[in-house]
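When a ligand or atom number is given, it counts from 1 through the structure's own listing order.
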Amino acid sequence: MNKQKKSIFEMDIDELKEYCVGLGLPKYIADQVLDWVYKKHQLSIDKMKNISKKNQAVLAEHIDFNIFKNVQSVTSEEENAIKSSCVLEDGNFLECVVLKEKNYNTLCISSQCGCPVDCKFCLTGVVGFKRQLTASEIVKQVVYAFSINQPITNIVFMGMGEPLLNADQVFKAIDMLTHPKLYNISKRNITVSTSGFIKGIEYLKKHDRVVNLAFSVGSADPIKRERIMPVEKRNPIVDFVKVLKEYQSQHNRKLTLEYTLLEGVNDTDYDIKSLINLAKYLNAKINLINLNPHKKIPYKPVSIDKIHAIQSVIKKQKCAVTIRYKKGQDITAACGQLGESYLN
Ligand code: SAH
Ligand code: SF4
(Lines give C-alpha, C1' and ligand atoms only; values in the text may rest on other atoms or scores of the structure.)
(Ligands and ions follow the chains in the order given, each with its own letter.)
Protein backbone atom coordinates (compact mmCIF):
# COMPACT_ATOMS: atom_id res chain seq x y z
CA MET A 1 0.00 0.00 0.00
CA ASN A 2 1.18 3.52 -0.82
CA LYS A 3 2.52 4.91 2.44
CA GLN A 4 0.68 8.21 1.96
CA LYS A 5 -2.62 6.43 1.62
CA LYS A 6 -4.81 5.66 4.59
CA SER A 7 -7.09 2.66 4.49
CA ILE A 8 -10.78 3.58 4.41
CA PHE A 9 -11.37 0.72 6.85
CA GLU A 10 -9.16 2.10 9.58
CA MET A 11 -11.25 5.25 9.94
CA ASP A 12 -14.47 5.62 11.85
CA ILE A 13 -16.87 8.35 10.71
CA ASP A 14 -15.28 11.20 12.62
CA GLU A 15 -11.80 10.21 11.54
CA LEU A 16 -12.88 10.00 7.91
CA LYS A 17 -14.61 13.40 8.06
CA GLU A 18 -11.53 14.96 9.56
CA TYR A 19 -9.32 13.30 6.98
CA CYS A 20 -11.51 14.54 4.11
CA VAL A 21 -11.46 18.09 5.46
CA GLY A 22 -7.69 17.84 5.77
CA LEU A 23 -7.58 16.92 2.08
CA GLY A 24 -9.58 20.06 1.25
CA LEU A 25 -12.75 18.06 0.53
CA PRO A 26 -16.17 18.99 1.88
CA LYS A 27 -17.29 17.05 4.98
CA TYR A 28 -20.31 15.53 3.22
CA ILE A 29 -17.99 13.55 0.97
CA ALA A 30 -17.29 11.29 3.95
CA ASP A 31 -20.99 10.39 4.18
CA GLN A 32 -21.13 9.70 0.46
CA VAL A 33 -18.07 7.47 0.57
CA LEU A 34 -19.41 5.52 3.56
CA ASP A 35 -22.72 5.04 1.82
CA TRP A 36 -20.99 3.60 -1.26
CA VAL A 37 -18.70 1.33 0.72
CA TYR A 38 -20.96 0.02 3.47
CA LYS A 39 -24.47 0.29 1.99
CA LYS A 40 -23.92 -0.17 -1.75
CA HIS A 41 -20.84 -2.39 -1.38
CA GLN A 42 -18.98 -0.42 -4.02
CA LEU A 43 -15.22 -0.25 -3.54
CA SER A 44 -14.20 1.35 -6.86
CA ILE A 45 -13.91 5.10 -6.49
CA ASP A 46 -14.60 5.75 -10.18
CA LYS A 47 -18.01 4.10 -9.77
CA MET A 48 -19.05 6.42 -6.92
CA LYS A 49 -21.25 8.40 -9.27
CA ASN A 50 -22.36 11.26 -7.05
CA ILE A 51 -18.75 12.29 -6.37
CA SER A 52 -17.17 14.61 -8.92
CA LYS A 53 -14.24 13.35 -10.99
CA LYS A 54 -12.03 15.94 -9.35
CA ASN A 55 -12.91 14.76 -5.84
CA GLN A 56 -12.65 11.12 -6.90
CA ALA A 57 -9.06 11.83 -7.95
CA VAL A 58 -8.25 13.33 -4.53
CA LEU A 59 -9.78 10.32 -2.81
CA ALA A 60 -7.91 7.89 -5.06
CA GLU A 61 -4.63 9.58 -4.23
CA HIS A 62 -5.09 9.50 -0.47
CA ILE A 63 -7.43 6.68 0.47
CA ASP A 64 -6.89 2.99 -0.02
CA PHE A 65 -9.99 0.88 -0.68
CA ASN A 66 -8.27 -2.50 -0.97
CA ILE A 67 -9.32 -5.29 1.33
CA PHE A 68 -6.62 -7.97 1.44
CA LYS A 69 -3.50 -8.61 -0.61
CA ASN A 70 -4.75 -12.01 -1.58
CA VAL A 71 -7.62 -14.26 -0.51
CA GLN A 72 -8.21 -17.95 -1.02
CA SER A 73 -11.73 -19.10 -0.31
CA VAL A 74 -13.00 -22.66 -0.12
CA THR A 75 -16.61 -23.77 0.18
CA SER A 76 -17.53 -26.83 2.21
CA GLU A 77 -19.06 -29.84 0.51
CA GLU A 78 -22.48 -29.10 1.94
CA GLU A 79 -22.05 -25.47 0.85
CA ASN A 80 -22.91 -24.18 4.29
CA ALA A 81 -19.48 -22.76 5.12
CA ILE A 82 -16.95 -20.68 3.23
CA LYS A 83 -13.50 -20.37 4.74
CA SER A 84 -11.30 -17.53 3.57
CA SER A 85 -7.57 -17.36 4.19
CA CYS A 86 -6.55 -13.75 3.75
CA VAL A 87 -3.02 -12.48 3.25
CA LEU A 88 -2.27 -9.24 5.10
CA GLU A 89 0.07 -6.42 4.09
CA ASP A 90 3.00 -7.84 6.06
CA GLY A 91 2.52 -11.39 4.77
CA ASN A 92 0.73 -12.68 7.88
CA PHE A 93 -2.58 -14.50 7.46
CA LEU A 94 -5.98 -14.32 8.99
CA GLU A 95 -8.86 -16.69 8.51
CA CYS A 96 -12.59 -16.13 8.71
CA VAL A 97 -15.58 -18.32 7.99
CA VAL A 98 -19.04 -17.52 6.65
CA LEU A 99 -21.54 -19.90 8.28
CA LYS A 100 -24.67 -20.01 6.19
CA GLU A 101 -28.08 -20.49 7.78
CA LYS A 102 -31.41 -20.45 5.97
CA ASN A 103 -32.27 -16.84 6.64
CA TYR A 104 -29.04 -15.28 7.76
CA ASN A 105 -25.26 -15.52 7.62
CA THR A 106 -22.90 -15.52 10.55
CA LEU A 107 -19.28 -14.53 10.13
CA CYS A 108 -16.79 -16.18 12.44
CA ILE A 109 -13.94 -13.69 12.63
CA SER A 110 -10.37 -13.57 13.88
CA SER A 111 -9.11 -11.08 16.43
CA GLN A 112 -5.42 -12.01 16.32
CA CYS A 113 -3.02 -13.74 13.92
CA GLY A 114 -2.59 -17.03 15.73
CA CYS A 115 -3.15 -17.03 19.48
CA PRO A 116 -0.89 -16.87 22.55
CA VAL A 117 -3.23 -18.76 24.90
CA ASP A 118 -2.10 -22.24 23.89
CA CYS A 119 -5.20 -24.30 24.69
CA LYS A 120 -4.06 -27.84 24.07
CA PHE A 121 -7.06 -28.86 21.95
CA CYS A 122 -6.97 -25.90 19.56
CA LEU A 123 -5.14 -25.70 16.25
CA THR A 124 -4.77 -21.93 16.54
CA GLY A 125 -3.04 -22.61 19.84
CA VAL A 126 -0.61 -24.91 18.01
CA VAL A 127 0.14 -22.10 15.55
CA GLY A 128 1.06 -19.75 18.42
CA PHE A 129 0.91 -15.97 18.44
CA LYS A 130 2.00 -13.99 15.40
CA ARG A 131 0.59 -10.55 16.04
CA GLN A 132 -2.48 -8.50 16.96
CA LEU A 133 -4.98 -7.61 14.26
CA THR A 134 -5.88 -3.96 13.81
CA ALA A 135 -9.49 -2.77 13.91
CA SER A 136 -9.31 -2.25 10.17
CA GLU A 137 -8.19 -5.85 9.57
CA ILE A 138 -11.11 -7.01 11.72
CA VAL A 139 -13.59 -4.82 9.80
CA LYS A 140 -12.13 -5.98 6.47
CA GLN A 141 -13.21 -9.57 7.20
CA VAL A 142 -16.81 -8.39 7.12
CA VAL A 143 -16.20 -6.19 4.07
CA TYR A 144 -14.75 -9.20 2.30
CA ALA A 145 -17.80 -11.34 3.11
CA PHE A 146 -20.11 -8.69 1.64
CA SER A 147 -17.84 -8.43 -1.42
CA ILE A 148 -18.41 -12.12 -2.18
CA ASN A 149 -22.18 -11.62 -1.87
CA GLN A 150 -22.50 -13.01 1.64
CA PRO A 151 -24.41 -10.36 3.56
CA ILE A 152 -23.59 -10.72 7.23
CA THR A 153 -26.11 -10.20 10.03
CA ASN A 154 -24.31 -11.99 12.88
CA ILE A 155 -20.73 -11.96 14.05
CA VAL A 156 -18.95 -14.31 16.40
CA PHE A 157 -15.39 -13.68 17.57
CA MET A 158 -14.56 -17.36 17.44
CA GLY A 159 -11.93 -17.39 14.72
CA MET A 160 -8.23 -17.15 15.44
CA GLY A 161 -7.18 -15.41 18.60
CA GLU A 162 -8.38 -14.31 22.00
CA PRO A 163 -10.47 -11.15 21.51
CA LEU A 164 -10.11 -9.92 25.09
CA LEU A 165 -6.33 -9.79 24.63
CA ASN A 166 -6.88 -7.31 21.79
CA ALA A 167 -9.83 -5.47 23.29
CA ASP A 168 -9.14 -1.91 22.08
CA GLN A 169 -9.00 -2.96 18.43
CA VAL A 170 -11.86 -5.45 18.76
CA PHE A 171 -14.19 -2.85 20.24
CA LYS A 172 -13.16 -0.15 17.79
CA ALA A 173 -14.11 -2.63 15.05
CA ILE A 174 -17.42 -3.46 16.80
CA ASP A 175 -18.25 0.26 17.01
CA MET A 176 -17.65 0.60 13.29
CA LEU A 177 -19.59 -2.53 12.31
CA THR A 178 -22.61 -1.56 14.40
CA HIS A 179 -22.71 2.10 13.35
CA PRO A 180 -25.96 2.97 11.54
CA LYS A 181 -24.01 4.65 8.72
CA LEU A 182 -21.80 1.61 8.28
CA TYR A 183 -23.17 -1.96 8.37
CA ASN A 184 -25.56 -1.26 11.22
CA ILE A 185 -25.16 -4.81 12.54
CA SER A 186 -27.17 -5.21 15.73
CA LYS A 187 -25.06 -5.35 18.89
CA ARG A 188 -27.31 -8.17 20.02
CA ASN A 189 -26.04 -10.22 17.08
CA ILE A 190 -22.38 -9.97 18.07
CA THR A 191 -20.78 -12.49 20.40
CA VAL A 192 -17.31 -12.22 21.87
CA SER A 193 -15.84 -15.55 22.90
CA THR A 194 -13.16 -15.73 25.56
CA SER A 195 -11.05 -18.39 27.17
CA GLY A 196 -11.40 -16.51 30.45
CA PHE A 197 -9.26 -13.45 31.14
CA ILE A 198 -10.15 -11.61 34.33
CA LYS A 199 -8.61 -8.38 33.02
CA GLY A 200 -10.75 -8.74 29.91
CA ILE A 201 -13.99 -8.65 31.92
CA GLU A 202 -12.62 -5.76 33.96
CA TYR A 203 -11.99 -3.96 30.67
CA LEU A 204 -15.63 -4.50 29.66
CA LYS A 205 -16.79 -3.07 32.98
CA LYS A 206 -14.43 -0.12 32.91
CA HIS A 207 -15.37 0.86 29.35
CA ASP A 208 -19.04 0.10 29.86
CA ARG A 209 -19.05 -2.45 27.07
CA VAL A 210 -22.17 -4.56 26.85
CA VAL A 211 -21.81 -7.65 24.67
CA ASN A 212 -23.02 -11.21 24.40
CA LEU A 213 -20.26 -13.32 25.83
CA ALA A 214 -19.26 -16.90 25.29
CA PHE A 215 -16.93 -18.43 27.85
CA SER A 216 -14.85 -21.41 26.75
CA VAL A 217 -14.85 -23.60 29.82
CA GLY A 218 -12.69 -26.57 28.77
CA SER A 219 -13.28 -28.06 32.20
CA ALA A 220 -15.08 -26.69 35.24
CA ASP A 221 -12.55 -28.49 37.40
CA PRO A 222 -9.51 -26.23 37.97
CA ILE A 223 -6.94 -29.02 37.99
CA LYS A 224 -8.20 -30.61 34.80
CA ARG A 225 -8.65 -27.19 33.26
CA GLU A 226 -5.07 -26.16 33.85
CA ARG A 227 -3.88 -29.23 31.97
CA ILE A 228 -5.74 -28.32 28.81
CA MET A 229 -5.98 -24.53 29.18
CA PRO A 230 -2.83 -22.88 30.57
CA VAL A 231 -4.85 -19.64 30.98
CA GLU A 232 -6.14 -21.24 34.21
CA LYS A 233 -2.79 -20.65 35.94
CA ARG A 234 -3.13 -16.87 36.13
CA ASN A 235 -6.88 -16.67 35.71
CA PRO A 236 -8.33 -19.33 37.99
CA ILE A 237 -11.83 -20.24 36.89
CA VAL A 238 -13.15 -19.62 40.43
CA ASP A 239 -12.02 -15.99 40.30
CA PHE A 240 -12.94 -15.51 36.67
CA VAL A 241 -16.47 -16.74 37.28
CA LYS A 242 -16.94 -14.28 40.17
CA VAL A 243 -15.98 -11.34 37.96
CA LEU A 244 -18.12 -12.69 35.15
CA LYS A 245 -21.15 -13.07 37.43
CA GLU A 246 -20.80 -9.47 38.57
CA TYR A 247 -20.62 -8.29 34.97
CA GLN A 248 -23.65 -10.37 34.00
CA SER A 249 -25.69 -9.05 36.90
CA GLN A 250 -25.10 -5.52 35.63
CA HIS A 251 -26.16 -6.28 32.06
CA ASN A 252 -28.22 -9.36 31.66
CA ARG A 253 -26.91 -10.08 28.14
CA LYS A 254 -26.66 -13.57 26.72
CA LEU A 255 -23.98 -15.77 28.21
CA THR A 256 -23.02 -19.08 26.67
CA LEU A 257 -20.68 -21.67 28.11
CA GLU A 258 -18.83 -23.35 25.31
CA TYR A 259 -17.72 -26.84 26.16
CA THR A 260 -15.42 -28.68 23.79
CA LEU A 261 -15.72 -32.39 24.46
CA LEU A 262 -12.50 -34.38 24.64
CA GLU A 263 -12.91 -38.12 24.99
CA GLY A 264 -11.75 -39.42 28.37
CA VAL A 265 -10.68 -35.95 29.50
CA ASN A 266 -13.74 -33.84 30.33
CA ASP A 267 -16.69 -36.13 29.57
CA THR A 268 -17.29 -38.03 32.84
CA ASP A 269 -20.49 -37.70 34.92
CA TYR A 270 -18.50 -35.61 37.41
CA ASP A 271 -17.29 -33.27 34.64
CA ILE A 272 -20.79 -32.75 33.31
CA LYS A 273 -22.24 -32.24 36.80
CA SER A 274 -19.63 -29.53 37.45
CA LEU A 275 -20.49 -27.91 34.13
CA ILE A 276 -24.20 -27.91 34.99
CA ASN A 277 -23.51 -26.30 38.39
CA LEU A 278 -21.49 -23.60 36.69
CA ALA A 279 -24.23 -22.95 34.12
CA LYS A 280 -26.85 -22.68 36.85
CA TYR A 281 -24.72 -20.33 38.90
CA LEU A 282 -24.13 -18.07 35.89
CA ASN A 283 -27.59 -18.52 34.43
CA ALA A 284 -25.95 -19.46 31.14
CA LYS A 285 -26.77 -21.63 28.20
CA ILE A 286 -24.45 -24.55 27.44
CA ASN A 287 -23.16 -25.13 23.94
CA LEU A 288 -21.58 -28.54 23.46
CA ILE A 289 -18.92 -28.70 20.77
CA ASN A 290 -17.43 -32.02 19.84
CA LEU A 291 -13.69 -31.79 19.32
CA ASN A 292 -12.66 -31.16 15.76
CA PRO A 293 -9.73 -33.52 15.55
CA HIS A 294 -6.47 -32.81 13.79
CA LYS A 295 -3.21 -34.72 13.59
CA LYS A 296 -1.49 -31.98 15.57
CA ILE A 297 -3.98 -32.21 18.44
CA PRO A 298 -3.50 -35.04 20.98
CA TYR A 299 -7.20 -35.59 21.77
CA LYS A 300 -10.18 -37.40 20.33
CA PRO A 301 -13.82 -36.34 20.00
CA VAL A 302 -16.53 -38.24 21.90
CA SER A 303 -18.98 -40.48 20.04
CA ILE A 304 -22.24 -39.09 18.67
CA ASP A 305 -24.18 -41.24 21.17
CA LYS A 306 -22.13 -39.84 24.02
CA ILE A 307 -22.70 -36.22 23.06
CA HIS A 308 -26.45 -36.86 22.85
CA ALA A 309 -26.40 -38.64 26.23
CA ILE A 310 -24.59 -35.66 27.76
CA GLN A 311 -27.13 -33.33 26.22
CA SER A 312 -30.04 -35.21 27.81
CA VAL A 313 -28.35 -35.26 31.23
CA ILE A 314 -28.01 -31.48 31.02
CA LYS A 315 -31.60 -31.06 29.79
CA LYS A 316 -32.90 -33.12 32.70
CA GLN A 317 -31.29 -30.62 35.03
CA LYS A 318 -33.32 -27.91 33.30
CA CYS A 319 -30.34 -26.17 31.75
CA ALA A 320 -30.56 -24.76 28.23
CA VAL A 321 -28.23 -26.77 26.02
CA THR A 322 -27.42 -26.97 22.33
CA ILE A 323 -24.99 -29.01 20.31
CA ARG A 324 -22.94 -27.09 17.82
CA TYR A 325 -23.03 -29.05 14.61
CA LYS A 326 -19.88 -28.77 12.67
CA LYS A 327 -19.96 -26.81 9.52
CA GLY A 328 -17.15 -27.00 7.08
CA GLN A 329 -15.10 -29.61 8.81
CA ASP A 330 -13.96 -30.90 5.44
CA ILE A 331 -12.31 -27.53 4.79
CA THR A 332 -10.92 -27.21 8.36
CA ALA A 333 -13.21 -24.25 8.86
CA ALA A 334 -14.73 -25.44 12.10
CA CYS A 335 -13.97 -24.07 15.57
CA GLY A 336 -10.41 -24.43 16.69
CA GLN A 337 -9.33 -25.47 13.24
CA LEU A 338 -8.28 -22.09 11.98
CA GLY A 339 -4.65 -21.43 11.38
CA GLU A 340 -3.96 -24.08 8.74
CA SER A 341 -2.47 -21.40 6.46
CA TYR A 342 0.38 -21.14 8.93
CA LEU A 343 0.92 -24.86 9.13
CA ASN A 344 1.00 -25.44 5.39
N1 SAH B 1 -10.13 -17.56 21.85
C2 SAH B 1 -11.52 -17.55 22.03
C3 SAH B 1 -12.29 -17.58 20.72
C4 SAH B 1 -11.75 -18.46 19.63
S5 SAH B 1 -11.83 -20.19 19.90
C6 SAH B 1 -11.96 -18.70 22.93
O7 SAH B 1 -11.16 -19.57 23.19
O8 SAH B 1 -13.10 -18.67 23.37
C9 SAH B 1 -13.55 -20.53 19.60
C10 SAH B 1 -14.07 -21.79 20.25
O11 SAH B 1 -13.54 -22.95 19.65
C12 SAH B 1 -13.74 -21.88 21.73
O13 SAH B 1 -14.92 -22.18 22.45
C14 SAH B 1 -12.80 -23.07 21.80
O15 SAH B 1 -12.89 -23.73 23.04
C16 SAH B 1 -13.28 -23.91 20.65
N17 SAH B 1 -12.28 -24.84 20.14
C18 SAH B 1 -10.95 -24.68 20.09
N19 SAH B 1 -10.37 -25.74 19.54
C20 SAH B 1 -11.34 -26.61 19.21
C21 SAH B 1 -11.37 -27.88 18.57
N22 SAH B 1 -10.26 -28.47 18.14
N23 SAH B 1 -12.56 -28.46 18.40
C24 SAH B 1 -13.70 -27.87 18.79
N25 SAH B 1 -13.74 -26.66 19.39
C26 SAH B 1 -12.57 -26.04 19.59
FE1 SF4 C 1 -6.68 -19.24 21.61
FE2 SF4 C 1 -9.31 -19.72 21.85
FE3 SF4 C 1 -7.67 -21.47 20.62
FE4 SF4 C 1 -7.51 -21.16 23.24
S5 SF4 C 1 -9.28 -21.93 22.11
S6 SF4 C 1 -5.78 -21.26 21.82
S7 SF4 C 1 -7.91 -18.99 23.44
S8 SF4 C 1 -8.15 -19.42 19.94
Side-chain angles (χ1 to χ4, degrees), residues 81 83 94-97 99 106-133 138 141 155-167 170 190-201 211-220 224-235 237 240 244 255-263 265-267 275 284-302 307 322-329 332-340 342-343:
K83 178 171 88 164
L94 67 77
E95 295 184 338
C96 56
V97 187
L99 301 163
T106 298
L107 189 66
C108 174
I109 62 185
S110 293
S111 54
Q112 301 181 308
C113 288
C115 182
V117 183
D118 197 25
C119 303
K120 302 300 176 197
F121 48 84
C122 173
L123 198 62
T124 314
V126 172
V127 165
F129 181 63
K130 303 295 177 187
R131 71 162 169 86
Q132 300 285 21
L133 288 177
I138 296 170
Q141 299 173 58
I155 291 174
V156 291
F157 280 86
M158 293 183 189
M160 286 201 280
E162 167 52 50
L164 293 187
L165 288 180
N166 190 18
V170 163
I190 298 184
T191 300
V192 172
S193 178
T194 178
S195 53
F197 283 90
I198 295 168
K199 281 209 174 114
I201 305 298
V211 277
N212 300 327
L213 278 178
F215 168 41
S216 303
V217 178
S219 170
K224 278 196 184 185
R225 189 167 197 263
E226 192 176 323
R227 269 184 232 141
I228 51 175
M229 297 181 76
V231 59
E232 172 68 22
K233 234 174 265 165
R234 298 221 176 131
N235 297 267
I237 187 165
F240 178 75
L244 185 56
L255 174 64
T256 308
L257 301 184
E258 291 173 279
Y259 199 77
T260 302
L261 285 157
L262 316 175
E263 189 191 54
V265 177
N266 62 2
D267 59 348
L275 174 66
K285 185 187 108 179
I286 295 172
N287 191 9
L288 298 172
I289 314 169
N290 207 356
L291 178 80
N292 294 308
H294 191 277
K295 58 179 185 302
K296 301 240 173 199
I297 294 171
Y299 300 105
K300 286 198 185 112
V302 300
I307 196 166
T322 48
I323 298 178
R324 185 182 308 156
Y325 288 100
K326 303 165 192 174
K327 282 201 174 83
Q329 204 182 0
T332 55
C335 301
Q337 289 194 313
L338 298 188
E340 278 264 300
Y342 278 109
L343 297 175

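- Considering backbone and side-chain N/O atoms, Asn292 comes within less than 3.5 Å of an N/O atom of ligand 1.
- No part of Leu123 comes within 4.0 Å of ligand 1, judged by heavy-atom distances.
- Every atom of ligand 2 with a heavy atom of Val117 under 4.0 Å away is listed here by number and element: 1 (Fe), 7 (S).
- Looking at Asp118 against ligand 2, only its backbone comes within 4.0 Å, counting heavy atoms.
- Every residue two or more places apart in sequence or in another chain that forms a ring pair (Phe, Tyr, Trp, His ring centres under 6.0 Å) with Phe215 is listed here: Phe240.
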Exercise for the section: Could you go through the side chain to side chain contact (heavy atoms under 4.5 Å, CB included) check for Leu255 and Leu244 one step at a time? Expected result: CA-CA 10 Å; Leu255 174 64; Leu244 185 56; 4.2 Å; yes
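- Within the listing of ligand 1, atoms 18 (C), 19 (N) sit less than 4.0 angstrom from a heavy atom of Cys122.
- With Gly161, Ser216, Ser193, Ser111 as candidates, the residue nearest to atom 2 (Fe) of ligand 2 on a non-hydrogen basis is Gly161.
- Between the CD atom of Glu226 and the CD1 atom of Ile237 there is a distance of 12.0 Å, given to the nearest 0.5 Å.
- With 2.8 Å as the limit, Cys122 counts as an N, O or S neighbour of atom 3 (Fe) of ligand 2.
- Listed by atom number, the atoms of ligand 2 under 4.0 Å from Ser195 heavy atoms are 7 (S).
- Taking a 4.0 Å cut-off on heavy atoms, Tyr299 fails to register as neighbouring ligand 1.
- Residue contacts with ligand 1, taken as heavy atom pairs separated by less than 4.0 Å, involve Leu291 via backbone and side-chain atoms alike.
- Contact annotation: for Glu162 versus ligand 1, heavy atoms closer than 4.0 Å belong to both the backbone and the side chain.
- Within the listing of ligand 2, atoms 6 (S) sit less than 4.0 angstrom from a heavy atom of Gly125.
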Exercise for the section: Would you check, one step at a time, whether the test side chain to side chain contact (heavy atoms under 4.5 Å, CB included) holds for Asn266 with Val217? Expected result: CA-CA 10 Å; Asn266 62 2; Val217 178; over 6 Å; no
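- At least one N, O or S atom of Cys115 sits under 2.8 Å from atom 1 (Fe) of ligand 2.
- Qualifying side chain to side chain donor-acceptor pair (under 3.5 Å) partners for Thr191, counting only residues two or more places apart in sequence or in other chains: none.
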Practice task
Check step by step if side chain to side chain contact (heavy atoms under 4.5 Å, CB included) holds for Met160 and Lys130.
Solution key: CA-CA 11 Å; Met160 286 201 280; Lys130 303 295 177 187; over 6 Å; no
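- The shortest N or O to N or O distance between Gly161 and ligand 1 is under 3.5 Å.
- Of all the heavy atoms of Phe215, none lies under 4.0 Å from any atom of ligand 1, so neither backbone nor side chain is involved.
- In this structure, Asn235 contributes its side chain and Ile198 its backbone to a donor-acceptor pair below 3.5 Å.
- Within ligand 1, the atoms closer than 4.0 Å to a non-hydrogen atom of Thr194 are 6 (C), 8 (O), numbered from 1 in the order shown.
- When non-hydrogen atoms are compared, ligand 1 lies under 4.0 Å from neither the backbone nor the side chain of Val117.
- Using a 4.0 angstrom heavy-atom cutoff, Gly159 counts as in contact with ligand 1.
- By the 4.5 Å heavy-atom criterion applied to side chains, Asn287 and Tyr259 are not counted as neighbours.
- With hydrogens and angles left out, the side-chain atoms of Ser111 and Glu162 include no donor and acceptor closer than 3.5 Å.
- If you look at Thr260 next to ligand 1, the close heavy atoms, those under 4.0 Å, all belong to the side chain.
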